[in-house]
Amino acid sequence: LLCCDWTDYDRTVALVASKVAAGERAAPPFMFLNMADSPEQQMQCARTFSRDRHSASIDPLWRGGRYRHAKIRVGYLSADFRHHPMAYLMVGLFERHDRSCFETTAFSFGPDPQDEFRKRLEGAFDRFIDVRTKRDGELAQLVREHEIDIAIDLMGYTNNGRPGILAFRPAPIQVNYIGFAGTLGADYIDYIIADRFVIPVASRRFYAEHVAYLPDTYWPTDATPTIAEAAPTRSELGLPETGFVFCCFNQSHKIAPGIFATWMRLLRQVDGSVLWLVEDDVDAARHLRQEAERHGVAATRLVFAPRVALTQYLARLPLADLLLDTLPFNAHTTASDALWAGVPVVTCAGSSFAARVAGSLLRAVGLPELITDKMADYEALALKLARDPRMLAQVRAKLERNRQRCPLFDTDRFRRHVESAYQTMWERHQRGEPPSDFAVAPIDG
């Protein structure tokens with residue numbers, strides 16, 4: 001998946017899925033998000049992984065008491081308080097928390113780059129603690145000693161995540177949020193923060209956590225990212241000056257054979273068009289060029305872009321005409337970035353959480369017409385936008401208007417919704433009630 005070598009792809013995916021369904025240790029949950037658009041199978045995978053690697057402690061650190069703090073103590077746990085998509089998305093929320101009601105602590109078990117963005121993150125919390133040297137049990141004990149009311153795992157089963165910390169039950173309320181697009185399958189996680197699009201009613205039973213439904217979207221944004229003033233030209237980046245530029249800046253493991261075949265059909269039908277991708281892995285780029293040739297598309301029509309700093313990345317994004325989403329693992333941060341930069345996104349919403357994130361973003365920015373639920377419709381819509389400059393211009397103009405007034409990029413509105421969710425979790429706990437699904441009412445004004 002990482003290097004886009006799709007030899008025996010269908011057979012291998014079917015084999016892994018069958019083993020997951022049987023409860024075997026066949027795949028880590030994060031990579032399985034790429035293989036199955038089935039929330040049921042993803043829950044089975046997460047449960048198997050949790051029981052095998054991160055089973056609940058038989059001696060929990062928190063044993064049922066209720067803290068009586070003047071403010072609700074919220075602890076955020078992550079290895080990614082640095083130049084990382086999670087930090088870019090969440091920093092606005094961290095900075096805007098209502099300090100009259102909430103006391104926030106960051107438990108950072110990742111690297112410290114000692115740069116300006118790290119300093120911004122450190123200043124966004126009431127307390128920022130570097131815990132890289134502590135083992136899971138020691139870190140859990142620290143969370144307990146700080147009497148954190150709500151502990152929020154911002155990573156789940158992503159790279160460098162440490163879900164074993166919350167297995168010690170160091171806090172009365174434990175939450176899965178933003179890092180992992182699905183259930184953690186662990187009974188010691190009380191809530192998952194979501195919205196009614198990413199977890200529709202029909203899929204609710206496939207989440208081990210109780211669901212805290214936010215209005216608008218569960219997705220956080222910081223509406224203050226800067227864009228480099230010196231925007232590059234298309235020719236400087238190897239793009240055609242006049243041809244249509246489809247793009248997808250997702251990591252290579254999200255590109256599956258079926259979606260790639262759709263992209264190649266689009267290139268064949270739109271003369272002079274190219275597909276703009278990010279180059280994270282030279283083998284992936286080589287394999288994708290070979291696949292393009294097998295689909296009758298010249299390898300030169302795939303243009304690969306190197307990774308650059310966020311300000312430069314946002315500056316070059318508007319050179320694309322349309323972002324093509326992936327399935328079963330959608331564009332998440334890359335879709336959010338594209339919409340912020342004014343680039344429309346066409347998505348096909350699947351059944352699982354990871355397959356519905358782009359749809360959640362499009363709804364929150366007032367462009368539900370770019371959400372499809374069948375691959376044939378996805379392809380037809382992308383083709384229509386590529387062939388109809390007037391239609392595309394109308395969509396881009398609508399996006400430009402909506403960026404300033406729709407909920408997706410209203411960081412403070414989102415902050416109030418999240419804080420309302422935290423307040424509801426805490427109030428239920430203070431009343432001695434068990435966790436339960438609930439929906440946050442939209443906050444206007």
Side-chain angles (χ1 to χ4, degrees), residues 1-22 24-50 53 84-86 155-161 163 176 178-185 198-199 203 206-207 247-264 275 277-281 283-288 291 323-336 345-361 373 375 378:
L1 291 173
L2 289 167
C3 67
C4 298
D5 180 354
W6 297 328
T7 306
D8 292 329
Y9 177 91
D10 290 338
R11 182 188 64 81
T12 304
V13 168
L15 177 63
V16 172
S18 68
K19 288 180 176 292
V20 166
E24 296 183 38
R25 299 178 297 176
F30 180 73
M31 292 310 292
F32 193 62
L33 297 180
N34 297 279
M35 301 181 204
D37 182 25
S38 166
E40 181 176 13
Q41 289 185 346
Q42 289 177 7
M43 182 175 72
Q44 178 64 62
C45 183
R47 282 198 181 281
T48 300
F49 189 82
S50 174
R53 302 286 182 87
H84 185 275
M86 180 284 295
M155 301 193 71
Y157 298 133
T158 58
N159 191 37
N160 298 318
N176 166 22
I178 202 62
F180 184 74
T183 182
L184 298 185
V198 290
I199 301 183
S203 300
F206 303 126
Y207 294 81
C247 82
C248 180
F249 284 157
N250 285 354
Q251 295 182 62
S252 58
H253 62 80
K254 292 187 179 183
I255 303 175
I259 201 79
F260 190 78
T262 297
W263 296 347
M264 295 302 98
L275 177 61
L277 303 167
V278 67
E279 184 170 10
D280 277 330
D281 183 279
D283 289 326
R286 176 170 55 83
H287 286 135
L288 290 174
E291 285 294 323
L323 187 142
L324 297 174
D325 197 13
T326 46
L327 192 73
F329 200 154
N330 279 179
H332 294 182
T333 306
T334 48
S336 178
V345 176
V346 170
T347 189
C348 182
S351 300
S352 67
F353 193 125
R356 299 181 65 82
V357 171
S360 174
L361 305 185
D373 58 10
M375 281 306 302
Y378 164 98

Pairwise side-chain contact, Tyr207 with Leu184, heavy-atom cut-off 4.5 Å (strictly under): no
Quick one: does any side-chain atom of Ser50 pair with a main-chain N or O of Ala46 as donor and acceptor, under 3.5 Å? no
Is the CZ atom of Arg25 crowded by more than 12 outside heavy atoms at less than 6.0 Å? no
If we only count heavy atoms from C-beta on, is the Pro328 to Met35 side-chain gap below 4.5 Å? no
Decide yes or no for Phe249 and Leu277: does some side-chain heavy atom of the first lie under 4.5 Å from some side-chain heavy atom of the second? no
Got Leu33 and Phe180 here, is their nearest side-chain heavy-atom distance under 4.5 Å? yes
Using a 4.5 Å cut-off on heavy atoms from C-beta on, say whether the side chain of Leu288 contacts that of Trp263. no
Would Ser38 and Phe206 count as a side chain to side chain contact (heavy atoms under 4.5 Å, CB included) here? Give the steps. CA-CA 9 Å; Ser38 166; Phe206 303 126; over 6 Å; no
Any side-chain to backbone donor/acceptor pair from Tyr378 onto Asp325? Under 3.5 Å, distance only. yes
Does any non-hydrogen side-chain atom of Val20 lie less than 4.5 Å from one of Thr48? no
Using a 3.5 Å distance criterion without hydrogens, assess whether the side chain of Gln42 forms a donor-acceptor pair with backbone atoms of Ala36. yes
Name the residue from Thr333, Thr326, Asp280 that meets the side-chain hydrogen bond (donor to acceptor under 3.5 Å, both in side chains) definition with Asn250. Thr326
If we only count heavy atoms from C-beta on, is the Met375 to Leu327 side-chain gap below 4.5 Å? yes
Are the aromatic rings of Phe353 and His332 close, with centres under 6.0 Å apart? no
Asn330 and Thr347, any side-chain heavy atoms less than 4.5 Å apart: yes
Measure centre to centre between the rings of Tyr157 and Phe32, then say whether the value is under 6.0 Å. no
